[in-house]
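Taking it in order: structure first as structure tokens, then the write-up.
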Amino acid sequence: GGALVTGGLGVMEGIPNAALRHPAAWANRDLATTAPTETVKSTAGAGGIASVGTGSLIVGDGAGSTFGGVLSASVGGKVTKSGGGVWTLTGSSTGFNGEFVMNNGTLGVGNSNNFGNAANTSKVTINGGILSNTANTGRTIPAPIPVGLNGDFTVDDSQFNSSTPGQILFNGPGTIN
């Protein structure tokens with residue numbers, strides 16, 4: 001339990017390979033207090049909130065993990081997926097108003113609201129990697145969430161073992177750079 005607050009008790013500066021894990025839930029991890037940039041190896045847990053506010057959370061995720069909690073960010077906040085591993089998001093992050101950046105590795109899209117909902121100001125930037133639907137039903141990323149495609153990437157169903165692949169549909173505006 002407890003809270004991880006950057007700039008205070010629980011500071012993780014200079015520990016780029018830390019793994020934030022809790023076997024039952026992510027109990028209110030708060031990176032929002034001082035608008036920092038924090039880099040962690042992975043995030044995992046069945047619930048809770050990982051809040052970045054206007055800060056930045058970089059998930060290296062070399063070994064892969066599943067986070068079933070909620071990602072929360074204010075306008076200007078950012079969550080970045082880097083590293084070659086698999087990171088699966090299954091929580092409904094309807095309060096996400098920041099930017100989600102995919103640099104490499106595999107991102108398992110386990111909920112249509114992983115990147116916010118239609119009422120949010122969030123955006124998705126894909127610089128590379130693999131987006132993978134985790135179900136045999138489609139995932140519809142709500143409008144007006146924009147997606148920027150800035151590099152080579154793949155969309156597949158590698159995170160769901162089925163003969164019936166599910167699509168990932170972005171309804172918002174797209175920019176190809």
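Owing to the predicted nature of the structure, the values given are computational and were not obtained by experimental measurement.
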### Task
Please round to the nearest 0.5 Å and tell me the distance separating atom OG1 of Thr88 and atom CG of Leu107.
7.5 Å
### Message
With a 4.5 Å cut-off on side-chain heavy atoms, are Ser93 and Asn113 touching?
### Response
no
#### Entry: Taking every non-hydrogen atom, the tightest pair across Pro144 and Asn120
CG-O, 4.4 Å
### Query
Which residue, Leu131, Ile130, Asn133, forms the side chain to side chain contact (heavy atoms under 4.5 Å, CB included) with Val155?
Leu131
#### Entry: Value rounded to 0.5 Å, distance of NZ in Lys81 from CG in Asn103
9.0 Å
### Message
With a 4.5 Å cut-off on side-chain heavy-atom distances among I, L, V, M, F, W and Y, is there a chain of contacts connecting Leu89 to Val101?
### Response
no
### Summary
Output for pair (Thr80 OG1, Ile58 CD1), nearest 0.5 Å, gives 5.5 Å
### Query
Taking atom CE of Met102 and atom CG of Asn127, what is their separation to the nearest 0.5 Å?
9.5 Å
### Task
Determine the minimum heavy-atom distance between Gly68 and Thr90, stating which atoms define it.
CA-OG1, 3.0 Å
### Query
Is there side-chain contact between Leu149 and Phe170, with heavy atoms separated by less than 4.5 Å?
no
### Query
Where the side chain of Ser112 meets the backbone of Thr140, is there a donor-acceptor pair that is under 3.5 Å apart?
yes
### Query
For Leu71 and Phe67, which heavy atoms make the closest approach, and how far apart are they?
CD2-CE2, 3.8 Å
### Task
Side-chain contact test, heavy atoms from C-beta onward, threshold under 4.5 Å: evaluate it for Asn171 versus Leu169 and give yes or no.
yes
#### Entry: Donor-acceptor contact below 3.5 Å, side chain Asn104 vs main chain Gly83
yes
### Query
What heavy-atom pair brings Gly91 and Asn111 nearest, and what distance separates the two atoms?
O-CB, 3.4 Å
### Query
Between the main-chain N or O of Val109 and the side-chain N or O of Thr134, is there a donor-acceptor pair closer than 3.5 Å?
yes
### Task
Measure the spacing between CG of Leu57 and OG1 of Thr39 and express it to the nearest 0.5 Å.
8.0 Å
### Query
How close do Ile49 and Ser72 get, heavy atom to heavy atom, and via which atoms?
CG2-CB, 4.1 Å
### Query
Should we say atom CG of Asp152 is surrounded by more than 12 heavy atoms from elsewhere, each under 6.0 Å from it?
no
### Query
CG/Asn117 to CD1/Ile141 distance, rounded to the nearest 0.5 angstrom?
11.5 Å
### Task
Identify the heavy atoms of Ser122 and Phe96 that sit nearest to each other, and give their distance.
CB-O, 3.3 Å
### Query
Within a strict 4.5 Å, meaning less than it, do heavy atoms of the Ser65 and Trp87 side chains meet?
yes
